Amino acid sequence: MNAIDIALVIAAIAGLAVTALLDRDRLREALAIAGANTRAVAPAVVLMTLAAALLLPVVPTRLVSGLIGPESGVLGVLVGALVGGIIPGGPMVSFPIVVVLQGAGAGQAQLIALLSAWSAIALHRVAAFELPMMGPAFVRHRLVASLPLPVLAGLAALVF
Amino acid sequence: MDEGGAERPPPRRARSLARLALPVGLSAIAVAASVAHAGWSGTAAAAIGAGPQLGTLAVRVGAALLLAAVIQVWLPRERMRRLLGSGRGILPLFLAGLVGSVTVGGPMTSFPILAALAAAQVEAGALVAFLTGWSLLAVQRIIVWEWPLLGPEFVLVRLAASFALPVVAGLIMRALVRRAAGGPA
């Protein structure tokens, strides 16, 4: 538990308490929504957390940092975007990887493409949250709309 | 729900099984890759090592889902729809991206809010702009992770390179939805 988690727990309790005081019907509605969402995402979140723990040691960080060095240019941006899209897990997984890659000599624009792909495309999040809550039609269009973003961010960073 | 429409939702059980297909498939790939890389004992050790993480996650996900549900029942839907839902111009997309970037609490809050905005009939372009603002420009993640770990120069260059992307993604989404609906391009 870090400070953010504690703040989150306090905010949730405070929100429920205020809702309970002001409007019992809304409280019942909120609990029903929370229950339905928990049933929708819990199995997927558990599975994806385990998958992330298993995949992390398999990612060959040294090989990747060689491919996305500062001299790797546009190709490195594309590789970074590709790798970022399949890094599983939350920021406690992705940021340590990015720090390792930064230390191993990866270029800044290439790392920006990688981090952007991890945050904007994030296949693990699609599996755990987006698909269960928004349905396949939205996800399909959203992914197509998001695919160019990491490359655009990386290319813009190359110019700076 | 559109009663009598051609796309009637499948039964509940089938739907929940379909939802699990991707996580189950990805987990199977992860197990296979891990066994090939570290053997069965290494795979078991890595899975057991994820135990404490699951405990923390249970608290985090539980609190976030409750908070999101509270936000959802108080969300001024009509106002959000008027503010973000017009489907015209880039101002609603910019605003949706801004709302996304200050949405705290991870995917367990952002996706329920996204679902609530969708239920309030906010158009798909603004939904994607919200999601892109939340994922690319999340203020919370920048403060907690990116600034301390990667340094201010990295953060500033990345923000300069990304600040317009929620609008870009929203415009692409609008075009995709229009095309899928068979309307004018």
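Throughout, protein chains are lettered first and strands after them, A, B, ... in sequence-line order, and every chain is numbered starting at 1. Treat the numbers as computed from the prediction; the structure is a model and nothing was measured.
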Visitor: For chain A, which residues from residues 87-100 of chain B have at least one heavy atom closer than 4.5 Å to it?
Guide: none

Visitor: At a heavy-atom separation under 4.5 Å, does A/Leu111 approach chain B through its side chain, its backbone, both, or neither?
Guide: both

Visitor: Run the side-chain contact (heavy atoms from CB on, under 4.5 Å) test against A/Val144 and tell me which residues pass, sequence neighbours left out.
Guide: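 Once residues adjacent in sequence are excluded, the partners of A/Val144 under the side-chain contact (heavy atoms from CB on, under 4.5 Å) criterion are B/Leu176.
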
Visitor: Would you say that more than 12 heavy atoms from the other residues, nucleotides or ligands in this model lie under 6.0 Å from the CD of B/Gln121, or not?
Guide: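 Count not over threshold, so no.
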
Visitor: Honestly curious: do A/Leu147 and A/Leu131 fall in one hydrophobic cluster under the side-chain, below-4.5 Å linking rule?
Guide: yes

Visitor: With chain A, which of B/Ala115, B/Gly62, B/Pro107, B/Ala169 has the greatest number of heavy-atom pairs at distances under 4.5 Å?
Guide: B/Pro107

Visitor: Please find the pair of heavy atoms, one from B/Leu149 and one from A/Gln102, that lie closest to each other, and give the distance.
Guide: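 What the structure gives for the nearest pair is O-OE1, 4.2 Å.
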
Visitor: Determine the option with the most heavy-atom pairs under 4.5 angstrom with chain A, choosing from B/Ala30, B/Ala36, B/Ala58.
Guide: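 Highest number of heavy-atom pairs under 4.5 Å: B/Ala30.
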
Visitor: Under a 4.5 Å heavy-atom cut-off, does chain B meet the side chain of A/Leu115, its backbone, both or neither?
Guide: side chain

Visitor: Taking the side chain as every heavy atom from C-beta outward, state whether B/Gln72 and A/Asn37 have any atom pair closer than 4.5 Å.
Guide: yes

Visitor: Pick one of side chain, backbone, both or neither for B/Ile71, based on which atoms fall under 4.5 Å of a heavy atom in chain A.
Guide: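 Neither part.
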
Visitor: Kindly write out the residues that satisfy side-chain contact (heavy atoms from CB on, under 4.5 Å) with A/Ala157, not counting sequence neighbours, or none if the list is empty.
Guide: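 Checked A/Ala157 against side-chain contact (heavy atoms from CB on, under 4.5 Å); matches are A/Ala109, A/Ile112, B/Val157, B/Ala161.
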
Visitor: Could you grab the distance from atom CH2 of B/Trp74 to atom CG of A/Asp23, nearest 0.5 Å is fine?
Guide: 5.0 Å

Visitor: Select, from A/Ile13, A/Leu54, A/Ile33, the one with the greatest count of heavy-atom pairs under 4.5 Å involving chain B.
Guide: A/Leu54

Visitor: Once you round to the nearest 0.5 Å, how far does OG of A/Ser119 lie from CG of B/Leu136?
Guide: 4.5 Å

Visitor: Look at the side-chain heavy atoms of Ile, Leu, Val, Met, Phe, Trp and Tyr, link any pair under 4.5 Å apart, and say whether B/Val128 and B/Leu84 land in one connected group.
Guide: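 Linked, B/Val128 and B/Leu84 end up in one cluster.
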
Visitor: Under 4.5 Å between any side-chain heavy atoms of B/Arg158 and A/Phe160, yes or no?
Guide: no

Visitor: Please say yes or no: joined through hydrophobic side-chain contacts below 4.5 Å, possibly via intermediate residues, are B/Met80 and A/Met133 part of one cluster?
Guide: yes

Visitor: Side chain, backbone, both or neither: which part of A/Pro148 has an atom under 4.5 Å from a heavy atom of chain B?
Guide: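 For A/Pro148, side-chain heavy atoms alone lie under 4.5 Å from chain B.
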
Visitor: Heavy-atom distances under 4.5 Å only: say whether A/Leu31 touches chain B with side chain, backbone, both or neither.
Guide: side chain

Visitor: Do you know which of A/Ala53, A/Ala32, A/Ala156, A/Ala145 has the most heavy-atom pairs under 4.5 Å to chain B?
Guide: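 Looking at each of A/Ala53, A/Ala32, A/Ala156, A/Ala145 in turn, A/Ala145 comes out on top.
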
Visitor: Membership question, hydrophobic clusters at under 4.5 Å side-chain separation (ILVMFWY): are B/Leu165 and B/Leu171 in the same one?
Guide: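 Different clusters: B/Leu171 never reaches B/Leu165 through Ile, Leu, Val, Met, Phe, Trp or Tyr contacts under 4.5 Å.
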
Visitor: Please state whether the side chain, the backbone, both or neither of B/Val24 comes within less than 4.5 Å of a heavy atom of chain A.
Guide: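 For B/Val24, heavy atoms of backbone and side chain both lie under 4.5 Å from chain A.
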
Visitor: Could you see if A/Leu152 belongs to whatever hydrophobic cluster contains B/Phe154? Use Ile, Leu, Val, Met, Phe, Trp, Tyr and a side-chain cutoff under 4.5 Å.
Guide: no

Visitor: Count the heavy-atom pairs under 4.5 Å between each of A/Leu155, A/Val126, A/Leu47, A/Leu50 and chain B, then report the option with the highest count.
Guide: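 When all of A/Leu155, A/Val126, A/Leu47, A/Leu50 are compared, A/Leu47 has the most.
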
Visitor: Top residue by heavy-atom pair count (under 4.5 Å) with chain A, among B/Thr43, B/Val31, B/Val73, B/Ile29?
Guide: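 The candidate making the most pairs under 4.5 Å is B/Val73.
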
Visitor: In terms of heavy-atom pairs under 4.5 Å with chain A, which of B/Gly42, B/Ala50, B/Ala118, B/Ala160 leads?
Guide: B/Ala160

Visitor: Taking the side chain as C-beta and beyond, is there a heavy-atom pair between B/Leu114 and A/Phe129 under 4.5 Å?
Guide: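 The answer is no, as the side chains (C-beta and beyond) never meet within the 4.5 Å cut-off.
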
Visitor: Where on B/Ser27 is there a heavy atom nearer than 4.5 Å to chain A: the side chain, the backbone, both, or neither?
Guide: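 Interface part for B/Ser27: both.
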
Visitor: Is it the side chain or the backbone of B/Ala64 that comes within 4.5 Å of chain A heavy atoms, both, or neither?
Guide: both

Visitor: With a 4.5 angstrom heavy-atom cut-off, could you sort out which part of A/Gln108 is near chain B: side chain, backbone, both or neither?
Guide: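 For A/Gln108, heavy atoms of backbone and side chain both lie under 4.5 Å from chain B.
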
Visitor: Just jot down the side-chain contact (heavy atoms from CB on, under 4.5 Å) partners of B/Leu159, sequence neighbours excluded, or say none.
Guide: B/Leu137, B/Ile142, B/Val155

